[in-house]
Asker: 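Quick one: this structure, given as structure tokens, is what I'll be asking you about.
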Amino acid sequence: MKLWTQFFIPTLKESPADAEIASHKLLVRAGLVRKLGGGLYTYLPLGQRVMQKITRICREEMDRAGGIELWMPHVHPAELWEQGPRWAAAREIMFRADSAGDGKRAGKDPEFVLGPTHEEVITPLVKAEITSYRDLPKNFYQIATKFRNEIRPRYGLMRAREFVMMDAYSFDTNDDNAVKSYFAMKAAYESFFRRLGITAIAVEADTGVMGGSFSHEFMVPAEVGDDDIIYCEESGYAANREKATSALVPADLADAAPAGAIEEFATPGVVTIAALEAAPYAVSADRQFKTLVYVGDGKPFLIVLRGSDELEEAKLGALGFTVVRPATAEEIEPVLGAKPGSLGAVRGTIRNADALAGVFADHAIRLIGNGVTGANKDGFHLRNVNVARDLAVTKFGDFRRVRPGEPCPKSGRPLQSRRGIEVGHIFKLGTKYSDKYGAVYTDDQKQSHPMVMGCYGIGISRTLQAIIEQSHDADGIIWPWHAAPFQVLICVLDPQLPEAMELATKLGNAAEQAGAEVLVDDRAERPGVKFKDADLIGLPLRLTIGGKGLKEGIVELKWRTRKDVEKLPVAEAAERIAAAVREGAGA
RNA sequence: CGGGGCGUAGCUUAGCCUGGUAGAGCGCCUGGUUUGGGACCAGGAGGUCGCAGGUUCGAAUCCUGCCGCCCCGACCA
């Protein structure tokens with residue numbers, strides 16, 4: 001039992017000016033966190049208790065799924081990363097961790113960095129320590145602080161520079177076993193979020209800089225989320241928009257027959273899809289080819305889409321480049337022969353085709369017959385362009401951004417879209433890191449193989465905020481039982497009355513014996529203040545002891561989720577509270 | 001990093017355009033009256049107006065630079 005006056009819960013009537021979304025405001029107003037700087041937060045005692053709740057449940061689920069907890073350093077030798085597969089891609093978000101020193105290293109690469117994640121640490125460790133199939137599989141995890149110099153920290157704990165994450169790494173002898181490990185983790189995640197009392201759905205996701213073969217994100221549906229989830233209720237298909245596909249292009253699509261030879265025509269001043277749609281050209285966007293130039297690891301390449309489609313940049317990851325960026329106008333002209341606005345991928349029109357790393361086309365362009373594209377000559381376009389006959393495509397792929405309303409790839413029903421907060425991510429990595437670091441084992445035939453890896457993350461601190469985002473009302477937080485910092489608040493309206501505090505102690509003990517953690521509001525505040533704060537901090541069960549009620553021999557029980565108040569005779573109160581606690585814990 | 005906005009007491013902010021004694025609400029301290037949904041009265045403490053330059057007789061206010069924070073975009077748990 002904790003007395004409010006001996007604890008520390010600095011609640012605020014007003015929201016801080018820098019908080020934008022409900023959960024961020026409530027985190028601060030309810031006295032869970034305070035900001036130190038952009039993306040840097042102190043967890044106050046109440047917030048820390050919630051962190052411990054989430055951490056404990058996470059640990060239990062990880063242990064149950066066969067995870068083995070360890071602890072890795074957060075200061076990493078930079079060399080370790082320089083040797084790894086993604087230094088170039090990751091260094092921008094990494095904090096350097098040199099001594100403050102004399103400034104002589106300024107401008108040079110750092111000696112140490114703060115760990116944004118730990119593949120680069122765990123893989124060499126496992127390489128050194130595990131060499132036999134007898135010691136596999138293994139799944140190591142830690143629950144620890146991560147450091148990422150986010151380009152734009154935002155929304156309180158939602159995107160912080162320093163945050164708490166559970167990260168796990170599985171090592172298996174072969175692909176089948178790695179898939180088993182992957183789905184064991186998926187199940188553990190589902191159990192974790194269910195126990196916390198929040199809805200998090202697993203969606204297919206892009207593997208991003210992590211690499212690997214497939215992955216799921218766990219999303220808490222919320223309007224303020226950073227990600228778009230594309231889903232179909234009928235088939236259960238759900239994917240991050242970055243990864244989502246649709247059945248827009250029929251599998252049995254037959255390419256349109258060419259209507260005639262390619263013709264060049266003048267289009268002075270026309271540099272946009274929209275301008276070609278307008279008179280006098282009147283070419284609808286879905287009959288235009290859009291040709292984009294990107295640079296992958298220093299070499300330009302083309303992406304061809306329908307004029308009506310948008311490129312989904314994340315899908316370029318499938319091309320295997322380490323760093324990809326849009327080309328600049330200066331880079332484009334020498335290669336293609338024209339400025340942006342007149343570009344195309346028609347065979348023979350590209351000035352320096354040898355300079356290209358490839359021409360990659362979205363499947364959907366096959367829906368175009370006799371289309372229009374740039375002539376690679378400023379102010380000219382080509383008509384009667386046909387995909388199979390005319391375009392110099394190296395490879396087809398899925399590069400376009402799916403839009404809601406397109407047919408679901410499983411059911412064919414229209415896809416829907418909603419926003420979500422990513423709270424967890426699981427990756428089947430394959431052998432990307434084990435190859436790089438030489439993490440191999442010897443099988444029972446004395447053969448050496450790379451270990452097949454998976455990696456898994458849960459944003460613990462982000463989950464804290466996601467719970468609030470998903471579970472609050474106009475008055476404050478509504479904690480799910482198992483995430484709540486305390487489960488029972490005993491509101492003593494007249495703490496100066498000895499009998500009131502005695503009863504609070506007695507009933508608090510009863511609640512504790514039933515398995516609850518109890519906070520007693522013993523402040524000498526007016527009732528209104530106490531009730532407002534009670535709603536704000538949102539403990540699931542509130543017990544009110546007032547001088548007035550005591551005279552009548554009653555106390556009051558109220559659930560944070562409900563409006564009604566249950567009046568209990570003092571004589572029955574202890575028993576009734578214990579029952580309510582058991583009910584809350586079981587719910 | 002590009003675009004936009006904001007820095008005034010612990011918090012929320014007015015004042016800035018049009019330069020002239022820095023104000024309010026909340027919170028805090030003292031006393032009193034109150035006491036079941038953020039009470040009231042009286043008194044009080046608390047500010048280098050983000051920092052550094054400049055203009056001016058005089059700068060929170062005008063100008064320049066820097067720093068910090070927030071929002072929109074690309075990245076992530």
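Letters go in sequence order (proteins before strands), and every chain restarts at 1. Note that the coordinates shown come from a computational prediction; the quantities given were computed from them, not determined experimentally.
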Asker: Base, sugar-phosphate, or nothing: which does A:Met219 touch, judged by heavy atoms less than 4.0 Å apart?
Answerer: nothing

Asker: With the side chain counted from C-beta on, respond yes when A:Ser23 and A:Met158 share a heavy-atom pair under 4.5 Å apart, and no when they do not.
Answerer: yes

Asker: Taking the side chain of A:Val529 as heavy atoms from C-beta outward, which of B:G38, B:U12, B:G37 is closest to it?
Answerer: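 Minimum distance to the A:Val529 side chain belongs to B:G38.
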
Asker: Just checking A:Ala160: base, sugar-phosphate only, or nothing, at a heavy-atom cut-off of under 4.0 Å?
Answerer: base

Asker: One pair to check against side chain to side chain donor-acceptor pair (under 3.5 Å): A:Gln142 and A:His118. What are the steps and the verdict?
Answerer: CA-CA 10 Å; A:Gln142 65 176 350; A:His118 282 75; 3.3 Å; yes

Asker: Please classify the nucleic acid contact of A:Gly547 as base, sugar-phosphate, or nothing, using heavy-atom distances under 4.0 Å.
Answerer: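 No contact at all - A:Gly547 keeps every heavy atom at 4.0 Å or more from the nucleic acid.
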
Asker: Please figure out whether A:Gly528 or A:Tyr155 has its closest RNA chain B nucleotide nearer the 5' end.
Answerer: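 Its nucleotide being nearer the 5' end, the pick is A:Gly528.
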
Asker: Tell me what A:Glu92 touches on the nucleic acid: a base, only sugar-phosphate, or nothing, going by heavy atoms under 4.0 Å.
Answerer: nothing

Asker: Which nucleotide sits closest to the side chain of A:Phe163: B:C26, B:A77, B:C71?
Answerer: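 Side chain of A:Phe163 sits closest to B:A77.
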
Asker: Which nucleotide sits closest to the side chain of A:Glu14: B:C11, B:A77, B:G36?
Answerer: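 Looking only at heavy atoms from C-beta outward on A:Glu14, the closest nucleotide is B:C11.
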
Asker: Can you tell me if CD on A:Glu223 sees more than 12 non-hydrogen neighbours from other groups inside 6.0 Å?
Answerer: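 No, not enclosed.
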
Asker: Tell me which nucleotide among B:C72, B:C69, B:A77 gets nearest to the side chain of A:Lys35.
Answerer: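 The nucleotide sitting nearest to the side chain is B:C69.
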
Asker: Check every strand shown and say whether A:Thr463 touches a base, only sugar-phosphate, or nothing at a heavy-atom separation below 4.0 Å.
Answerer: nothing

Asker: Counting only side-chain nitrogens and oxygens, does A:Lys13 get under 4.0 Å of the OP1 or OP2 atom of B:G27?
Answerer: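 True: A:Lys13 side-chain N/O within range (under 4.0 Å) of B:G27 OP1/OP2.
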
Asker: For A:Asp494, answer base if it contacts any base atom (sugar-phosphate contacts may also be present), sugar-phosphate if it contacts only those atoms, and nothing otherwise; contact means non-hydrogen atoms under 4.0 Å.
Answerer: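 The residue A:Asp494 makes no contact with any strand.
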
Asker: Check whether the side chain of A:Glu556 and the base of B:G36 form a donor-acceptor pair under 3.5 Å.
Answerer: yes

Asker: In whole Å, measure the gap between the P atoms of B:C6 and B:U61 for me.
Answerer: 15 Å

Asker: Give me the distance, rounded to whole Å, that separates B:A14 from B:C66 when you measure between the P atoms they each carry.
Answerer: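 Pairwise P distance, B:A14 against B:C66, rounds to 26 Å.
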
Asker: Are more than 12 heavy atoms, taken from residues, nucleotides or ligands other than A:Glu92, located less than 6.0 Å from that residue's CD atom?
Answerer: no

Asker: Measure the distance from CD1 on A:Ile458 to P on B:A77 and round it to the nearest whole Å.
Answerer: 12 Å

Asker: For A:Leu536 and B:G38, what is the distance between atoms CG and P respectively, to the nearest whole Å?
Answerer: 15 Å

Asker: Can you check whether A:Tyr169 reaches A:Thr117 side chain to side chain, under 4.5 Å on heavy atoms?
Answerer: yes

Asker: Could you give the NZ-to-P distance, from A:Lys532 to B:A39, as a whole number of Å?
Answerer: 10 Å

Asker: With a 3.5 Å limit on both atom pairs, tell me what B:G38 is paired to, counting Watson-Crick and G-U wobble, or say none.
Answerer: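 Check on B:G38: unpaired, no WC or wobble geometry under 3.5 Å.
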
Asker: Does A:Phe486 have A:Arg49 sitting over its ring (NZ/CZ under 6.0 Å from centre, angle to axis within 45°)?
Answerer: yes

Asker: Is any side-chain N or O of A:Arg154 under 3.5 Å from a base N or O of B:G73, one able to act as donor and the other as acceptor?
Answerer: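 In this structure, the two groups form no donor-acceptor pair.
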
Asker: In whole Å, what is the span from the NZ atom of A:Lys315 to the P atom of B:C75?
Answerer: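 Whole-Å distance recorded here is 14 Å.
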
Asker: Do A:Arg152 side-chain and B:C71 base share a donor-acceptor contact under 3.5 Å?
Answerer: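 No.
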
Asker: Let me confirm one number: the NZ-NZ distance from A:Lys567 to A:Lys558, rounded to the nearest 0.5 Å.
Answerer: 13.0 Å

Asker: If you define the side chain from C-beta out and look only at heavy atoms, does anything of A:Asp533 sit under 4.5 Å from A:Arg523?
Answerer: yes

Asker: Using purine N1 to pyrimidine N3 plus N6-O4 or O6-N4 for Watson-Crick, or N1-O2 and O6-N3 for G-U wobble, each under 3.5 Å, what pairs with B:U48?
Answerer: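 B:U48 is paired with nothing.
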
Asker: Answer with yes or no whether A:Arg29 presents, from its side chain, a donor or acceptor under 3.5 Å of a partner atom in the base of B:G27.
Answerer: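 It does not, because no donor-acceptor pair links the side chain of A:Arg29 to the base of B:G27 below 3.5 Å.
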
Asker: Checking contacts here: which listed nucleotide (B:A74, B:C76, B:G27) is nearest the side-chain heavy atoms of A:Asp227?
Answerer: B:C76

Asker: For the pair made of CD in A:Glu150 and P in B:C71, what is the distance, rounded to whole Å?
Answerer: 13 Å

Asker: Select one nucleotide: of B:A77, B:U35, B:U12, the one nearest the side-chain heavy atoms of A:Ala17.
Answerer: B:U12

Asker: Which of the following nucleotides, B:G38, B:C69, B:G73, is nearest to the side chain of A:Asp18?
Answerer: B:C69

Asker: Using the C1' atom in both, what is the distance from B:U21 to B:C70, to the nearest Å?
Answerer: 33 Å

Asker: Check every strand shown and say whether A:Asp167 touches a base, only sugar-phosphate, or nothing at a heavy-atom separation below 4.0 Å.
Answerer: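 If one applies the 4.0 Å heavy-atom cut-off, A:Asp167 turns out to touch nothing in the nucleic acid.
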
Asker: Between B:A39 and B:C76, how far apart are the P atoms? Round to whole Å, please.
Answerer: 48 Å

Asker: Is a donor-acceptor pair below 3.5 Å formed from side chain A:Arg34 to base B:C11, judging by atom type as modelled?
Answerer: no

Asker: Roughly how far apart, to the nearest Å, are B:G32 and B:C16 at atom P?
Answerer: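 To the nearest whole Å, 42 Å.
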
Asker: Say you pick atom P in B:G7 and the same atom in B:G50; how far apart are they, in whole Å?
Answerer: 8 Å

Asker: Test salt bridge (Lys or Arg N to Asp or Glu O under 4.0 Å) on A:Glu190 and A:Lys186 and set out the steps.
Answerer: CA-CA 6 Å; A:Glu190 283 160 355; A:Lys186 186 159 177 277; 3.5 Å; yes

Asker: Measure from the side chain of A:Met165, starting at C-beta and using heavy atoms only, and say which of B:G37, B:A77, B:G38 lies closest.
Answerer: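 Comparing B:G37, B:A77, B:G38 against the side chain of A:Met165, the answer is B:A77.
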
Asker: Kindly point out which of B:C72, B:A39, B:G37 is positioned nearest to the side chain of A:Arg526?
Answerer: B:A39

Asker: Between A:Met158 and A:Asp533, just flag the one whose closest nucleotide in RNA chain B comes earlier from the 5' side.
Answerer: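 Closer to the 5' end of RNA chain B: A:Asp533.
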
Asker: For B:G19, give the paired nucleotide (Watson-Crick: N1-N3 plus N6-O4 or O6-N4; G-U: N1-O2 and O6-N3; both under 3.5 Å), or none.
Answerer: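 Pairing partner, where one exists within any strand: none, as none qualifies.
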
Asker: Please examine the side chains of A:Met453 and A:Phe427, heavy atoms only from C-beta on, and report whether any two atoms are closer than 4.5 Å.
Answerer: no

Asker: Select base, sugar-phosphate, or nothing to describe what A:Gly546 touches, counting heavy atoms under 4.0 Å on all strands.
Answerer: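 Since a base atom lies under 4.0 Å of A:Gly546, the category is base.
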
Asker: Just name whichever nucleotide pairs with B:G7, Watson-Crick or G-U, keeping both distances under 3.5 Å, else none.
Answerer: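 Base partner found: B:C67.
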
Asker: Determine the Euclidean distance between corresponding C1' atoms of B:C57 and B:G47; express it in Å to zero decimal places.
Answerer: 25 Å

Asker: With P as the reference atom in both, quote the distance from B:A24 to B:G46 in angstrom, rounded to an integer.
Answerer: 14 Å

Asker: To the nearest angstrom, how far is A:Leu12 atom CG from B:C28 atom C1'?
Answerer: 13 Å

Asker: What is the base-pairing partner of B:G2, counting Watson-Crick and G-U wobble geometry with both distances under 3.5 Å?
Answerer: B:C72

Asker: For A:Arg523, which contact category applies under a 4.0 Å heavy-atom criterion: base, sugar-phosphate, or nothing?
Answerer: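 Result for A:Arg523 = nothing.
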
Asker: What's the CZ-C1' distance between A:Phe531 and B:G38, to the nearest Å?
Answerer: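 Rounded to whole Å, this separation is 12 Å.
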
Asker: Over how many whole Å does the gap from A:Arg161 atom CZ to B:A77 atom C1' extend?
Answerer: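 Rounding to the nearest Å, CZ of A:Arg161 and C1' of B:A77 are 16 Å apart.
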
